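Along the sequence shown, residues are numbered consecutively beginning with 1. Just so it is clear, the model here is predicted, and its values are computed rather than measured. These values consider heavy atoms only, across backbone and side chains, with no hydrogens, waters or symmetry-generated copies.
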Amino acid sequence: SFGHNFAEFVVGNTYERIPVKDAKLDRTGQWPRVHDWTIYVEIVGGDVDVIDRVVFDCGPTFVPRKFIHEYPIRNRTTKKYRFQSRQQTYGFISVDITLVGVGGKELKLDYFVRRGNYREEHSRDFVDPGFHDQIKPRPIPDIGFAVRTLLPASSGLMDNMKIKAVTDHVERTNAWCFIHNHTENNFRIESTTLRGDVELDKCKKFAEEIHQCLGGTCMNIQVMVMVPNPLVDK
């Protein structure tokens, strides 16, 4: 047993062939890049937070040759988190993969990209003994996010206009959405698309004010991340 200092993972790749007429040429202008593949490291057990980043080194013919993935994406099919890199090539290559732990531990392995969807049969373990000693907050990536919450209409928050005081913490208040659902007797609050840790901090103050207005009543706040297209899994 490794306690809470490990992540269990498998390596694999997805694959799709691009018709020659639709494929882009390589840098030499001679070879169509007909192989569209995504290499991934999927976390199937343990703690995904043990891993700080995964580096995919595709070799000297790539510019850049290394692709770094720091923020794993939850795959829609397996419901597991993946570190991944999507590429298009005219041939199949071997990729050097380096897993880097939060505590500084590294694990290196190589993987040859296959035609078709392929996934290793056996999982591997990544152990980082210094994980809990070095754990630290991650910076917010430069991607959009939004917040949404449902509150009971019986709370009186809408009637006594406390909602205005709550939203004073957030810029562009007029763009936020307040929808009263008479059928279900509640109202929904949704933000616009936000970015960065400054706006996330404003959302924290927003939640604290609502919590205080409701007299400490528990509430559920959802955070929705708008993932840019290059990071959406295939």
Check for me, please, whether [X] and [Y] land in the same ILVMFWY cluster - side-chain distances under 4.5 Å, paths through other members count.
X: L25; Y: F92; result: no
X: V11; Y: I51; result: yes
X: F6; Y: V10; result: no
X: V63; Y: W31; result: no
X: Y118; Y: Y40; result: no

- Message: Consider side-chain contact (heavy atoms from CB on, under 4.5 Å). Of L99, D128, V100, which one does K105 pass it with?
- Response: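 For K105, the side-chain contact (heavy atoms from CB on, under 4.5 Å) check succeeds only for D128.
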Taking C-beta and beyond as the side chain, do [X] and [Y] meet within less than 4.5 Å on heavy atoms?
X: K80; Y: I43; answer: no
X: V95; Y: W37; answer: yes
X: I39; Y: I97; answer: yes
X: F56; Y: V54; answer: yes

Nearest atoms (heavy-atom pairs only) where [X] meets [Y]:
X: N5; Y: P129; value: ND2-O, 3.9 Å
X: V48; Y: P72; value: CG2-CG, 3.9 Å
X: A23; Y: V34; value: CB-CG1, 3.8 Å
X: R76; Y: K79; value: O-NZ, 3.0 Å
X: D125; Y: F9; value: C-CE2, 4.1 Å

- Query: Got a sec, which residues hit salt bridge (charged side-chain N to carboxylate O under 4.0 Å, His left out) with K66, two or more places apart in sequence or on another chain?
  - Reply: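 Checked K66 against salt bridge (charged side-chain N to carboxylate O under 4.0 Å, His left out); zero matches.
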- Are side-chain N/O atoms of E8 and S123 paired as donor and acceptor at under 3.5 Å?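 Note: E8 and S123 side chains meet the donor-acceptor criterion.
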- Message: Within the 3.5 Å criterion, strictly below it, is a donor on E16 or T14 matched to an acceptor on the partner's side chain?
- Response: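 No, no side-chain donor-acceptor pair sits under 3.5 Å.
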Under 3.5 Å, side chain of [X] to main-chain N/O of [Y], donor-acceptor pair present?
X: R27; Y: T61; value: yes
X: N117; Y: Y15; value: yes
X: D36; Y: I18; value: no

- Task: Hey, can you tell me if F83 and H69 have their rings parallel, tilted or perpendicular (30° and 60° cut-offs)?
- Result: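 F83 and H69: perpendicular rings.
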- Using the six-membered ring wherever Trp is involved, compare the ring planes of F62 and F67 and label them parallel, tilted or perpendicular (cut-offs 30° and 60°).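 Ring orientation, 0 to 90° scale: perpendicular.
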- Message: Taking side chain to side chain donor-acceptor pair (under 3.5 Å) as the definition, give me every residue that meets it alongside R119, ordered by chain and number, with sequence neighbours left out.
- Response: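 Here the qualifying residues are E42.
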Roughly how far, to the nearest 0.5 Å, is the [atom2] atom of [Y] from the [atom1] atom of [X]?
X: D47; Y: F126; atom1: CG; atom2: CZ; answer: 11.5 Å
X: I73; Y: Q84; atom1: CD1; atom2: CD; answer: 5.0 Å
X: I93; Y: D57; atom1: CD1; atom2: CG; answer: 9.0 Å
X: H35; Y: Q88; atom1: NE2; atom2: CD; answer: 11.0 Å

- Message: For Y81, I'd like to know if atom OH has over 12 heavy atoms of other residues, nucleotides or ligands within 6.0 Å.
- Response: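 Counting neighbours around OH of Y81, 12 or fewer heavy atoms of other residues, nucleotides or ligands fall under 6.0 Å, so no.
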- Is it possible for you to check whether R114 lies under 6.0 Å from the centre of the six-membered ring of Y111, through NZ or CZ, and within 45° of that ring's axis?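 Satisfied, under 6.0 Å and within 45°.
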